[in-house]
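Everything below concerns the one structure shown next.
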2 protein chains.
Amino acid sequence: MSTQDELRVIALAEFTSAGYSATSLQRIAELAGVSKSSVLYHFTSKEQLLEAAISPAIDQMETVLAPLETIGSLGDRQRFLEDFVDFLLMYRLEVNMFINQGPSLVDVPVIERGSALVVRLAQFFSQNSQSVEENMRFGIALGGAAYMLCTASTYGLEFPADETRAALISIMSELLAPISTR
Amino acid sequence: MSTQDELRVIALAEFTSAGYSATSLQRIAELAGVSKSSVLYHFTSKEQLLEAAISPAIDQMETVLAPLETIGSLGDRQRFLEDFVDFLLMYRLEVNMFINQGPSLVDVPVIERGSALVVRLAQFFSQNSQSVEENMRFGIALGGAAYMLCTASTYGLEFPADETRAALISIMSELLAPISTR
DNA sequence: GAAAGTGCTGACCGATCGGTCAGCTATTCT
DNA sequence: AGAATAGCTGACCGATCGGTCAGCACTTTC
């Protein structure tokens, strides 16, 4: 792995666990075994390092959300949900960071891009219902999943990957099912 | 409201929205219309200001969790859940901060106290089941509720208080119901 | 073999951080 | 009236922050 890739991976892990503003370039450099100057050679600023760390996840979310407006049958919906859960599992660090720290990182372009996607997703899941509960079910599913996938390990909870996937799909299906099928 | 109380309220709001480490004492002082020195007169350090800001919430959580081990009937359980939801609503800022930034604030005593309470709560809701899904339902309910109560406003969502309470109780009851009743 | 480019470094910069301290003002206590 | 206390302040401190820059070693290109 190139130094640049290594820095991106380390930065993502630190940004997620300690927080963006609490993570110094110096610390990232030390963890990577290079100098701070080297970090700023590969990335022109701390903010650009953040962009590089999470933009692949936002790109992938864009791809996963592409067929959103064409979902028709319940089968379509189930397939989309599974793809979305796979996305959450694959990019759990990025998602957690976006969910937890996104609101304090407005004006970072990639964060705004992600926010727009979340709004689009929320609109889909509540388009046939303006009820408070319906909107809250979506919020709890999204925020809860992001929380589970990262923060849970704080309490020493570690789950097998396949079981995690199955459980997540099951719970989110339940939370996000159309009213008519509940 | 005394200057001290005002500082605590402002600090809590800023810590929650911008993050603990991203919030400077200077900024808190400016928002309160006093000098930075004045902040450090009322609170001996930034960390102690954090303690003062969230310890009332942790105290209240301790009170709410007190009857946890004596819960017997489904009625007990329902009453506890309602009390817990009321606690979440009352201390939404503190809870959000604890959930989102707690893991990066270990070694702060009040955070550790809160973590112990969450562990105790998790054990209750999964004591009769070590299944992955059961544990995840708890995590999603807790993390999701915390997310909804604060971050959702980022996306311009604002719900009436009473509807929020009812919906939250309904959703969390569903997520945390004993397996036997599902 | 000179020139150009890549990866990386230490020295250094201004700004800001959390925190200390002496001292000011106004109120309260004796 | 005088002493003590509470509330608050500006000046200042060392440390650390993100970021700049000249220059080093090495490889590739011409």
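Quick note on labels: first sequence line is chain A, next is B, and so on, each numbered from 1.
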request  = Could you check whether Thr23(B) gets within reach of a base, just the sugar-phosphate, or nothing at all, counting any heavy atom under 4.0 Å?
outcome  = sugar-phosphate
query = Mind checking whether Tyr147(B) and Ile140(A) have side chains closer than 4.5 Å, heavy atoms only?
reply = no
query = When we call it a touch if two heavy atoms are under 4.0 Å apart, what does Leu25(A) touch: a base, just sugar-phosphate, or nothing?
reply = sugar-phosphate
key: Result of checking Val95(B), Leu168(B), Asn96(B), Ile99(B) against Leu149(B) for side chain to side chain contact (heavy atoms under 4.5 Å, CB included)   = Leu168(B)
message = Rounding to an integer number of Å, can you tell me how far Glu47(B) CD sits from dG18(C) C1'?
response = 12 Å
key: Aromatic plane relationship, Phe125(B) with Phe80(B) - under 30° parallel, 30 to 60° tilted, over 60° perpendicular   = tilted
key: Nearest-Å distance for atom pair NZ/C1', residues Lys46(A) and dT16(D)   = 12 Å
ask   = Nearest to the side chain of Ser37(B), which nucleotide is it out of dA11(D), dC17(C), dC21(D)?
value = dA11(D)
query = Does NZ or CZ of Lys46(A) come closer than 6.0 Å to the centre of the six-membered ring of Phe15(A), within 45° of the ring's axis?
reply = no
note = To the nearest 0.5 Å, atom OG of Ser55(A) lies from atom CZ of Arg113(A) at 6.5 Å
message = Check the phosphate of dG7(C) against Tyr41(A), side-chain N and O only, distance under 4.0 Å to OP1 or OP2. Yes or no?
response = yes
message = Distance check needed: dA6(D) P versus Gln4(B) CD, whole Å only.
response = 12 Å
message = Just the rounded figure in Å: distance from C1' of dG18(D) to CG of Leu50(A).
response = 14 Å
query = Is any side-chain N or O of His42(A) closer than 4.0 Å to OP1 or OP2 of dT6(C)?
reply = no
message = In this structure, how many angstroms lie between the P atom of dC12(C) and the CD atom of Gln26(A), rounded?
response = 16 Å
request  = Would you kindly compare Gly33(B) and Ala22(A) by the position of their nearest DNA chain D nucleotide and give the one closer to the 5′ end?
outcome  = Gly33(B)
inquiry  = Distance check needed: dG7(C) P versus Asp5(A) CG, whole Å only.
reply    = 12 Å
task = Would you tell me if any nitrogen or oxygen in the side chain of Ser38(A) comes within less than 4.0 Å of OP1 or OP2 on dT9(C)?
result = yes
request  = Could you tell me whether the phosphate oxygens of dC17(D), OP1 or OP2, come under 4.0 Å of any side-chain nitrogen or oxygen in Ser24(A)?
outcome  = yes
request  = Measure from OH on Tyr20(A) to C1' on dG18(D) and round the result to the nearest Å.
outcome  = 9 Å
request  = Rounded off to whole Å, could you give me the NZ-to-P distance for the Lys36(B) and dA11(D) pair?
outcome  = 13 Å
